[in-house]
Colleague: 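Structure below; questions to follow.
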Amino acid sequence: MTALASTGEARAASSPPRVPRRRRGRVRENRAAVLFLAPWLIGFAVFTAWPLIYSAYLSLTDYDVINDPSFVGFDNYADLFADPKISLALTNTLFFTVVQVPLYVAVSLALALLLARAGRASGFFRTVFFLPKMTPPVAVGILFLLLFNGQSGLINSALGTVGIDGPSWTTDPAWVKPGLVIMSLWTVGSSVLILLAALRGVPEELYESATLDGAGAWRRFFSVTLPMISPAVFFVVVVNTIAGLQTFDEAYTAFFGAGNTTYGNDAALFYVIYLFQQAFQFLNMGYASAMAWLLFLVIMVVTAIQAFVSRRLVHYEGGSGR
């Protein structure tokens, strides 16, 4: 018996400790999670993380795609402040964004409020409002030239029926950006759906209480509706601000396409268009990479300011604006 006991103790001492079932289950779950996440992780590493790192390196070099990159330090960033077209492109982009985003959000909210009252027909109109979002941006740019033509465009023809002499939208530098702002309202469908979902999430009890307190329609909108949907409004503002700062497709197609020599080119020179020209027309990849990082910094600063302001303006259920 003593020999058997000692043999059992020796085996117990030499054998590895048993892993608890819970721990083994967690290991299997972690492996499964990593397996499911692997396609995204690989895609992020290959198509996002590595391009970011490599563009940061290229921004410190002189690179024309043909020859090997040559290190120049921060010369590209210094050239940004000396390039007059950088300030022109930034001014155009900021003007477009500051004017376009409030109009975009206001039109989206107005349409969402109408859809909220549409009843059974709202499904049809949701589809109608969203379809323009599916239109290729290149087609929208061509459509812009057709609709906003100063001589024979549909917009000026409609204005002429009420006695208004329409401007030269595509050739007058003062009207190029306003025309592009108006044209951008064509694609409000996605924001309409987001705001409509937020509107339908507002409790009816709040409207009933406000009505009993004598609040009118406008008072209910500003005291009940707007605070309750403010997170969705904030999301729409941030997303469309970022999109506005990266405006490219429609303006490039309308004003910088092959053979296009309209007088409004400088007025429509947005930042990403100039970045594209530097990268793929002039092959200044190092300079274009520095431009991309400057735009990234601008977007981060603007978004941070919006997030800071939202602390007082955005209402979240169960807490303050934080």
Side-chain angles (χ1 to χ4, degrees), residues 4-61 63 69 126 130 133-134 187 189-203 227-246 248 272 275 279 285 288-322:
L4 292 174
S6 60
T7 304
E9 291 177 358
R11 288 178 179 177
S14 60
S15 61
R18 293 183 179 180
V19 180
R21 291 183 179 180
R22 291 183 180 179
R23 185 178 300 176
R24 284 182 293 179
R26 290 175 184 174
V27 170
R28 282 196 292 265
E29 289 178 357
N30 291 338
R31 289 176 180 174
V34 172
L35 183 62
F36 280 110
L37 288 173
W40 181 88
L41 292 173
I42 295 172
F44 176 80
V46 174
F47 298 108
T48 303
W50 169 245
L52 278 173
I53 296 171
Y54 192 63
S55 68
Y57 162 71
L58 288 181
S59 69
L60 304 175
T61 67
Y63 181 47
R126 286 201 306 268
F130 189 76
K133 188 69 176 179
M134 306 300 292
T187 57
S190 58
S191 296
V192 171
L193 297 184
I194 293 171
L195 295 175
L196 177 62
L199 287 170
R200 290 184 171 177
V202 179
M228 293 301 296
I229 68 170
S230 57
V233 174
F234 173 64
F235 173 79
V236 170
V237 168
V238 171
V239 169
N240 285 285
T241 299
I242 295 173
L245 293 172
Q246 298 181 31
F248 173 79
V272 177
L275 190 156
M285 285 293 180
S289 298
M291 289 182 62
W293 278 97
L294 176 61
L295 178 62
F296 176 72
L297 179 62
V298 170
I299 291 175
M300 281 193 62
V301 170
V302 172
T303 305
I305 293 173
Q306 291 175 327
F308 177 78
V309 173
S310 71
R311 294 181 178 181
R312 295 188 177 183
L313 300 180
V314 179
H315 169 78
Y316 295 100
E317 294 186 18
S320 59
R322 292 180 179 272

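Bear in mind the structure is a predicted one, so any value in this text is a computation, not a measurement.
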Colleague: Name all residues meeting the side chain to side chain donor-acceptor pair (under 3.5 Å) criterion together with Ser59; count only those two or more places apart in sequence or in a different chain, and write none if there are none.
Modeller: Tyr77

Colleague: With rounding to the nearest 0.5 angstrom, report the CG to CD1 distance, Leu199 to Ile194.
Modeller: 12.0 Å

Colleague: Suppose we screen for side chain to side chain donor-acceptor pair (under 3.5 Å). Which residues come up paired with Ser55, at least two apart in sequence or across chains?
Modeller: Trp293

Colleague: Name all residues meeting the side-chain contact (heavy atoms from CB on, under 4.5 Å) criterion together with Ala288; count only those two or more places apart in sequence or in a different chain, and write none if there are none.
Modeller: Leu275, Gln278, Ala279

Colleague: State, yes or no, whether a side-chain contact exists between Tyr57 and Pro69 at a heavy-atom distance under 4.5 Å.
Modeller: yes

Colleague: Which atom names give the shortest non-hydrogen contact between His315 and Pro231, and what distance separates them?
Modeller: O-CG, 3.2 Å

Colleague: Mind listing the side-chain donor-acceptor pairs of residues 35-51 below 3.5 Å, one per line with the distance, residues two or more places apart or on another chain?
Modeller:
none

Colleague: Minimum heavy-atom separation for Gln246 to Leu295, with atom names?
Modeller: CG-CD2, 4.4 Å

Colleague: Please tabulate, for the side chains in residues 234-245, all donor-acceptor contacts under 3.5 angstrom to protein atoms that are two or more places apart in sequence or on a different chain.
Modeller:
from   : atom 1 : to     : atom 2 : distance (Å)
Asn240 : ND2    : Ser191 : OG     : 3.4
Asn240 : ND2    : Val236 : O      : 2.7
Thr241 : OG1    : Val237 : O      : 2.6
Thr241 : OG1    : Gln306 : NE2    : 3.0

